[in-house]
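Please read the structure below before turning to the comments.
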Amino acid sequence: MAPFRSVEPGQSFPALEEQVLERWRARDVFGESIRRREGAPPFVFYEGPPTANGRPGSHHVLSRVFKDVFPRFKTMRGHLVHRKAGWDCHGLPVELEIERELGISSKEDIERYGVAEFNARCRESVLAYVEEWNRLTERIGFWIDTDDAYLTMDDDYVESVWWALKEVWKRGLLEEGRRVVPYCPRCGTALSSHEVALGYRDVVDPSVYVRFPVRGEDGVSFLGWTTTPWTLISNAALAVASDVTYVRARVGDETLVLAEALVERVLGEGVPIEARMPGSELVGQAYVPPFPYIDDYGPRGHTVLEGDFVTTDEGTGVVHTAVAFGEDDFRLGERYGLTVINPVREDGTFDERGGPFAGRFVKDADPDIVEALRESGRLLRSERFEHAYPHCWRCGTPLLYYAKASWYVRTTAIRDELLAANEEIAWYPAHIKHGRFGKWLENNVDWALSRERYWGTPLPVWRCESGDHEVCVGSVAELSELAGTDAVPSDLHKPYIDDVTFPCPDCGDEMRRVPEVIDAWWDSGSMPFAQWHAPFEDGDTFDERFPADYICEALDQTRGWFYSLLAVSTLLYGRSSYRTVLCLGLILDPEGHKMSKSSGNVVVPWDVIERHGADAFRWYYFTSKQPWDGYRFSLETVGESVRQFMLTLWNTYSFLVLYANAGEVTPPALNEADSDGFTDLDRWALSRLQATIELVIDRLEDYDTTLAGRALAAYVDELSNWYVRRSRRRFWDGDPTAFSVLRHCLVELSKLLAPLVPFVADEIYENLEASEPSVHLCDFPAYDPTHRDEGLEAAMSTVREAVELGRAARAQAKVKVRQPLGEAIVVAREGEQAAIERLAPLVLEELNVKRLRFVTDADELGEWELKPNYRALGPRFGKRMPQVAAAVGALDARSAAATLRSGGSVGVAVDGHEHALGADDVQLVLRPREGYQLERAGGHAVALDLELDDALRREGLAREVVHAVQAARKGAGLAVEDRVELALSGDEELLEAVRAHEGYVTAETLAVELAYAGTGPGAVTGHSAQIEGREIAIGLVRTSGHGS
RNA sequence: GGGCGAUUAGCUCAGCCGGUUAGAGCGCUUCUCUGAUAAGGAAGAGGUCCCUGGUUCGAGUCCAGGAUCGCCCA
């Protein structure tokens, strides 16, 4: 009976993976992998929730496979790794999708449509693609519990978020404030700074230089500059820097006041300067604003003020200030008591205070405003200015900066704690910690928390009508207490929650909830506790699983989830909620551009999976490069990883199964195998396995799949192209030890590979071992130094080098490997010679030579040259290196080489002092003599004796015949184990060669009979071949019996 | 304008603490091996290691300045 299920050499990996998935389902392998670790030390993973209102793309596959690989590894290493899925449900993107579906585009439309119905549609849509996400998640082998996913829109989740907000509120860190915020006039809501960060685009705006005539001084104007002409309607003051030097510059018949440093850039060269003065002297002067529509800014309105933000980097050094539309402007206004007047409506159009521009969208009004300035003579110059300007990250509308009332979490109050918490986080790559993320934390601004929208966690703040009292509600129970149990709706979202009112405990007036919902980033940042509905239930679970040992998302989450997680947990617990974070790069197309739907360059993950399979997809992401550098990605690049790695692995495995089945060899477990029967090659394969285990564990513990994967690929290559290649004879002969070793190596390899390529690893394990229901229930291999033999590894490496040189020499001489040669002459040091002698049979077979002859003195092949070993001598001699190099070059190479080879040292004179150099201080390089067929690498060389006698020639011909017969067997479609009757006829010299090596020929070709009679009757096939111009005819008949 | 990262063969990427002759894979040309392989092997073509300075006996590697690309911030 065949010991193993037979293996298809041309197996389709995608099809195989489907079968493996089926097996995992049937055996509930994922569930079992967790159950088996009950009570084991936990390794905590947090899932950053995606939003499932769109189809998953290749970049999602990237983060999901990296989320998968380390939990799998840690599970096999003995940890309990719970993996709870989650979905981010709230937020503007969801609302926008519904607006699109409904064909509406404003808040009024939504109100008209009905908030209850609108939110109901959001609730549905947010899970519209969950099914596809789950299907993809399973298909790529991302093990995560999707059945028990947390949803940020669940009432339990919302309640936990409320609890967190109340904690913050109790500390006085949640408050309403009026600040200038980035505001999207289309979406009708303010954006947080991390949302703003998502939407910068290069745009061309007008750049205008405007005269602000000084009151009471004809012909003299302050020269201001702005790229937002529409804010000139609201000009309230000018700001200057008190310590900057300003000038009165004469231009034509007028005088302009601006910073001296900018005169040349703005007005050109050679402009006459009438006077110089510090900015402080300008403060207090009154001027005429560009437009007359608004003039009640208070006593300091339309005068020059001192502003610490004024620089001479750009513009004129005289800064136009519109109190409502810029952060600096607003602060200046607060300082000098300017009235805040905002003539722009929430939809971005001027109200009636905008004069002739009333009703127009501010950005659209820019050209006409510039024109009006030109007509009134206020415009000095108008240019176009290209710069990055923030746009709404979802709808693309240019953002406006408004002074607005908005709710803030005062994260600036805990900046130092944030920085301290960051110190405890291990970042991959490391530079993010003090670079991108650390700098972001240092420049922390308060978190603009509220959104004047509909679909989100309602901000749980109730206020009485006077606005004098407010209460933040931290739980459903608290709300019931305040408003009565019946009053609490079954759905905590708008609009229902807004119906909940209660009398103010302080003044008795009715309290109503403020209208806002909160930033969805706060939701996701709350997942460490909210996913368990902590602290209301499952507080123990939370305690056990906080903080996370590992999280992983793409780089764009630096200011997203990475920040919101850190901020929320630092506010609540004073520490980070994650210990290690892996930060992935972006997916680019082959040209290095970001993949996006609009560019049409996206690679759909399903295409990759159908063509190459999930393992190949994973392998590509894990090993092709450091994952944070970004990927230049295409279907083809994944295909390469299949060819190079997956196929080599599969072929090695299929080789084992093929010959084990053919020979009906059931390989004994390694520890039951006869270890005395191990060959050096066996010991080498086992030693290299241990080396690989050691390295892979080290790398994966350091979150490095790249080097772990590359080490595994190197081992697979060694196993296939050296161990198996050099051991084929033993497999054909059914040597159980060889089978045992190879099986052991493949089984251990399957465990090492399991976290990375879980499908193929499981398939190999299932067929070769199967003592567990899945490889994923095994322990990760432990490093076992008793199977390590580093001396043997070094020797083998020397041997492989010698073989390479010999092969190169053959190729140079154009002598086929099939033709045996008498002798290979090897130049080697003593240690190398010992290594090669120990493993001589490998070299003899691989090079197809009869003998090895070693020469240490290379005289007959070439001559030695001595070169200094800079690495060794550099630190010793420093500046004197050139002299040392010269002295080494001047040595008599031959005698020095002999001395060094025998362990002695040679002396060189430098600066009149004698210095002894040992063997490690110089390199011996062989310079080949003309006319020898010699390949060398450093001090190593192999030459071949090309002389052929009749015996060698006959043997070469016999091998040619075998080769021809094998081709004929293959051509006839025979299985490798089929026995044949063989008939040969043709050229007499060929037949002579066969007769001389009859045993060899019949053994190689599995011929039970050999006749020299041509193609007899009943021959399965008749082939003929040409060997060195001679004809041979080959007849084959498959015999019944063995192998059928 | 500031921060972070990148720049090495036609393509995708290695290159540790600085060591003198910069590598691999893919692709290309030629040859070869095969009783597992879609594979393997050999040779060849293909490089101003982005540029300019500096430090050093010695720089792809370290430092400074610049260029280009990407991301982020303003």
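Chain letters run A, B, ... following the sequence lines, proteins first, then strands; residues in each count from 1. FYI, side chains are in, hydrogens and waters are out, and symmetry mates aren't considered; it's all heavy atoms of this structure.
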If the cut-off is 4.0 Å, is [X] near the phosphate of [N], judged by side-chain N/O to OP1 or OP2?
X       : N       : result
R728(A) : rA36(B) : yes
H963(A) : rU34(B) : yes
W628(A) : rA6(B)  : no
R871(A) : rG19(B) : yes

Using purine N1 to pyrimidine N3 plus N6-O4 or O6-N4 for Watson-Crick, or N1-O2 and O6-N3 for G-U wobble, both under 3.5 Å, which nucleotide pairs with [N]?
N       : answer
rC13(B) : rG23(B)
rU56(B) : none
rA67(B) : rU7(B)
rC28(B) : rG44(B)

Of the listed nucleotides [options], the one nearest the side chain of [X]:
X       : options                   : value
N651(A) : rC57(B), rC71(B), rA36(B) : rA36(B)
L647(A) : rG3(B), rA38(B), rA39(B)  : rA38(B)
M881(A) : rA36(B), rG35(B), rC57(B) : rC57(B)
T652(A) : rC4(B), rA36(B), rA38(B)  : rA36(B)
Q626(A) : rG35(B), rA14(B), rG5(B)  : rA14(B)
R959(A) : rC57(B), rG35(B), rU34(B) : rU34(B)

Touch check for [X], heavy atoms < 4.0 angstrom, all strands: base, sugar-phosphate only, or nothing?
X       : result
K625(A) : sugar-phosphate
R880(A) : nothing
V724(A) : base
A713(A) : nothing
Q883(A) : nothing
Q11(A)  : nothing

TODO: Could you grab the distance from atom CG of L712(A) to atom CG of L707(A), nearest 0.5 Å is fine?
DONE: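 It comes to 11.0 Å.
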
- [ ] Drop me the distance from C583(A)'s SG to F562(A)'s CZ, to the nearest 0.5 angstrom.
- [x]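 Those atoms lie 4.5 Å apart.
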
Provide, to the nearest angstrom, the distance between the [atom1] atom belonging to [X] and the [atom2] atom belonging to [N].
X       : N       : atom1 : atom2 : result
I432(A) : rG3(B)  : CD1   : C1'   : 12 Å
R725(A) : rG40(B) : CZ    : P     : 11 Å
L658(A) : rA36(B) : CG    : P     : 8 Å
L742(A) : rU37(B) : CG    : P     : 16 Å
H431(A) : rG70(B) : NE2   : P     : 17 Å
L719(A) : rU37(B) : CG    : C1'   : 14 Å
Q819(A) : rC31(B) : CD    : P     : 20 Å
L555(A) : rG3(B)  : CG    : C1'   : 13 Å

Task: Per-pair stack call Y659(A) and rA36(B), 5.5 Å, 30° - done: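 Ring-base stacking flag not set for Y659(A) and rA36(B).
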
TODO: Could you tell me whether R725(A) and E845(A) have a side-chain N and a carboxylate O separated by less than 4.0 Å?
DONE: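 No, R725(A) and E845(A) are not salt-bridged.
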
Open item on the list: Syn if the chi torsion is within 90° of 0, anti otherwise; quick check, which is rC17(B)?
Closed with: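 In terms of base orientation relative to the sugar, rC17(B) is syn.
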
- [ ] Anything under 30° is parallel, anything over 60° is perpendicular, the rest tilted; go ahead and classify W619(A) against F645(A).
- [x]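 Parallel: the ring planes of W619(A) and F645(A) meet at under 30°.
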
Open item on the list: Which is more 5' along RNA chain B, the nucleotide nearest L707(A) or the one nearest D717(A)? Just name the residue.
Closed with: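 Nearer the 5' end of the strand: L707(A).
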
Open item on the list: Heavy-atom nearest nucleotide on RNA chain B for T1005(A) versus H434(A): which residue maps closer to 5'?
Closed with: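 That would be H434(A).
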
[atom1]-based separation of [M] from [N] [nearest Å]:
N       : M       : atom1 : answer
rA14(B) : rA24(B) : C1'   : 7 Å
rG3(B)  : rU56(B) : C1'   : 31 Å
rA59(B) : rA22(B) : C1'   : 13 Å
rC57(B) : rG18(B) : P     : 16 Å
rG46(B) : rA6(B)  : P     : 30 Å
rC33(B) : rA67(B) : C1'   : 49 Å
rA43(B) : rG25(B) : P     : 11 Å
rA42(B) : rC49(B) : C1'   : 27 Å

How far apart are the closest heavy atoms of [X] and [Y], and which atoms are they?
X       : Y       : answer
L649(A) : L749(A) : CD1-CD2, 3.9 Å
L719(A) : A685(A) : CD1-CB, 4.3 Å
H59(A)  : Y621(A) : N-OH, 4.5 Å
M796(A) : L681(A) : CE-CD1, 3.4 Å
K625(A) : Y631(A) : CG-CE2, 4.0 Å

Task: Under-3.5 Å donor-acceptor pair between S720(A) side chain and rA39(B) base - done: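 Absent.
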
